[in-house]
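Naming: A, B, ... by sequence-line order, numbering from 1 per chain.
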Amino acid sequence: LVSWTALLNAFAQRGELHRAEKLFEGMKERTLVSCNIMLAAYGQTSCLEQATRLFQLMQRWDLISWNTMLAAYTQHGRLGEAKQLFDSMPERSLASWTTMLGACAQSARLEEAKSLFDRMQLWDLVAWNAMLSAYAQSGYLEEARRMFESMKERNLISYTAMLSAYAQNNQLWEAMSVFESMECRNQVSWNAMLSAYAENGHLQEAKSVFSGMEDRSVASWNSLVTAYAHNKRVASAIRTFHEMKQTAEPDDISLVCMLRACIHTGNVDAGRQAFVSMVLDYRLQPTKQHYSCMIDLLAKGGYIVDARELIATMPFVPE
RNA sequence: CCUCGCACUAUGG
């Protein structure tokens, strides 16, 4: 049973939702642990409905179930429901508090995030990191820096968060020095450095970080596409988008990067092709954001009729 | 023994 559970988890972690579902449905006894795994699997993908349904169907819940459901809400931006759940939970752990803290930060409620942090009974490294990123994401560079300096322990995540905080505030030198002071680095920290250069107008350095990387994630490719587009090298951006497909799986963000690059130069055909190909070849479900990019692209390229038609036929209510 | 919270990429704020 334990190894079946481990297998279920492996599917869930890799985003193989359908395999996980099949396995879960075939399991004779559904333990609390396997329910929790499915709950997390639904929560991390765009299946909030399934998550809530499973949560309601479950016979028993433990702290992990509550926390997982809480995270499912916050990952879908449902702060209200998350709060409700948080308040009605029979018990809370550090993870519960940290989840809420992050949710507040993401909804631009820094004050609430800070107040949660202050009301926590104890703090661990994850909680400190969450507060550090809360400051960083809200543009409070000085507070972030102070928190970083005052932390008694730091890990890779602390450093990476601080690095991008500097980068986003145009402090490339500070970002570089954080990067250099790191005792170990992983793909995420390299990506952070790559976009630090790109955001601060150093395309050449960004490119050399990219080519020096051992393995590149979608995020690395997306950063490079954007870096080219921001430097008006749209042809290179488009070429990079296609090149990515050989080694990585483009995602929803990749398409946005690509479409925005096309908007820059009014490259309607390339954008159209990318949109269609992402839907057909990668089974991407286009979001509102994708449609609004496409409409922007068509309209700016002079295809007013096509833009109108897209507005009329898209599966979203126009705003 | 297996399951939960924090860092990188788009847009917006």
Side-chain angles (χ1 to χ4, degrees), chain A residues 1-10 12-13 31-41 43-44 62-72 74-75 92-103 105-109 120 123-134 136-139 154-165 167-168 179 182 185-196 198-199 206 210 216-227 229-230 244 248 250-261 263 287-290 292-293 296:
Chain A
L1 179 65
V2 171
S3 39
W4 278 37
T5 312
L7 184 61
L8 178 68
N9 189 41
Q13 299 281 7
T31 60
L32 189 51
V33 172
S34 57
C35 288
N36 286 344
I37 293 172
M38 278 313 294
L39 199 57
Q44 282 157 6
D62 64 1
L63 189 51
I64 295 190
S65 325
W66 300 104
N67 286 343
T68 306
M69 193 61 230
L70 194 64
T74 64
Q75 277 157 25
R92 299 173 193 95
S93 64
L94 259 172
S96 335
W97 286 88
T98 311
T99 302
M100 286 307 297
L101 195 167
Q106 283 193 320
S107 315
R109 296 165 186 259
M120 289 167 72
W123 300 266
D124 64 0
L125 184 52
V126 176
W128 283 87
N129 283 341
M131 195 61 228
L132 168 62
S133 331
Q137 287 159 5
S138 312
R154 300 174 190 138
N155 62 8
L156 188 55
I157 294 188
S158 330
Y159 281 91
T160 310
M162 197 60 231
L163 191 168
S164 25
Q168 279 159 13
F179 187 72
M182 291 170 72
R185 301 175 183 109
N186 67 4
Q187 192 185 59
V188 174
S189 44
W190 280 98
N191 282 343
M193 198 58 235
L194 158 55
S195 46
E199 284 173 312
F210 182 85
R216 296 153 189 144
S217 66
V218 207
S220 330
W221 286 97
N222 291 347
S223 299
L224 191 63
V225 171
T226 304
H230 284 172
M244 148 171 34
D251 62 7
D252 51 330
I253 296 184
S254 315
L255 181 58
V256 178
C257 298
M258 171 65 172
L259 293 177
R260 299 208 67 84
I263 289 170
T287 62
K288 272 204 284 271
Q289 197 179 16
H290 294 124
S292 92
C293 284
D296 202 9

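A sub-4.0 Å separation between OP1 or OP2 of B/A7 and a side-chain N or O of A/Gln168 is absent.
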Could you run down the sub-3.5 Å N/O contacts of the protein with nucleotides 11-13 of chain B?
residue	atom	partner	partner atom	Å
B/U11	O4'	A/Gln289	NE2	3.4

Restricting to nitrogen or oxygen on both sides, can you table the protein-nucleotides 1-4 of chain B pairs closer than 3.5 Å?
residue	atom	partner	partner atom	Å
B/U3	O2	A/Asn36	ND2	2.7
B/C4	O4'	A/Thr68	OG1	3.4
B/C4	O2	A/Asn67	ND2	2.6

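With sequence neighbours excluded, the residues that form a salt bridge (charged side-chain N to carboxylate O under 4.0 Å, His left out) with A/Arg109 are A/Glu112. A/Val33 is linked by a side chain to side chain contact (heavy atoms under 4.5 Å, CB included) to A/Thr5, A/Thr31, A/Ile37, counting only residues two or more places apart in sequence or in another chain. A search for salt bridge (charged side-chain N to carboxylate O under 4.0 Å, His left out) contacts involving A/Asp296 returns A/Lys300, not counting sequence neighbours. For A/Ala167, the side chain to side chain contact (heavy atoms under 4.5 Å, CB included) criterion is met by A/Ala175, A/Ala196, A/Glu199, A/Asn200, not counting sequence neighbours.
Atom C1' of nucleotide B/G5 and atom CH2 of A/Trp123 are separated by 17 Å, given to the nearest angstrom. A/Met182 places its CE atom 12 Å from the P atom of B/C8, with the value rounded to the nearest Å. We find that CG of A/Leu70 is positioned 11 Å from P of B/C6, with the value rounded to whole Å. Atom pair A/Leu255:CG and B/U9:P shows a separation of 19 Å (rounding to whole Å applied). With rounding to whole Å, A/Ile157 atom CD1 is found 9 Å from B/C6 atom P. For the pair A/Asn129 CG and B/G5 P, the computed distance is 14 Å after rounding to whole Å. Summarising the geometry, the separation between OH on A/Tyr159 and P on B/C8 is reported as 17 Å, rounded to the nearest angstrom. In this entry the distance linking CZ of A/Phe210 with C1' of B/U9 reads 12 Å, nearest Å.
In this structure, A/Ala130 reaches the sugar-phosphate backbone alone: every heavy-atom distance under 4.0 Å involves primed, P, OP1 or OP2 atoms, never a base. Using a 4.0 Å heavy-atom distance criterion, A/Ser223 is classed as a sugar-phosphate-only contact. Residue contacts for A/Asp124: at a heavy-atom cut-off of 4.0 Å it reaches a base atom on one of the strands shown. Within 4.0 Å of A/Asp251, counting heavy atoms only, lies no atom of the nucleic acid at all. Among the atoms of the strands shown, none is found under 4.0 Å from any heavy atom of A/Leu39.
In the interface, the side chain of A/Asn191 is not paired with the base of B/A7 through any donor and acceptor atom under 3.5 Å apart.
Summarising the geometry of A/Ser189 relative to A/Met182, their closest heavy-atom pair is CB-CE, 3.6 Å, with the distance given to 0.1 Å. Residues A/Ala248 and A/Pro250 approach most closely at O-CD, 3.3 Å, considering heavy atoms. Scanning both residues, A/Ala198 and A/Ala206, for their nearest heavy atoms gives N-CB, 4.0 Å.
Checked by atom type and distance alone, the side chain of A/Arg216 pairs as donor or acceptor with a backbone atom of A/Phe210 at under 3.5 Å.
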### Task
Could you check A/Leu125 against A/Asn155 for side chain to side chain contact (heavy atoms under 4.5 Å, CB included), going step by step and ending with a plain yes or no?
CA-CA 8 Å; A/Leu125 184 52; A/Asn155 62 8; 3.4 Å; yes
### Query
What's the verdict on side-chain hydrogen bond (donor to acceptor under 3.5 Å, both in side chains) for A/Asp252 and A/Thr287, showing C-alpha distance, side-chain angles and the deciding distance?
CA-CA 8 Å; A/Asp252 51 330; A/Thr287 62; over 6 Å; no
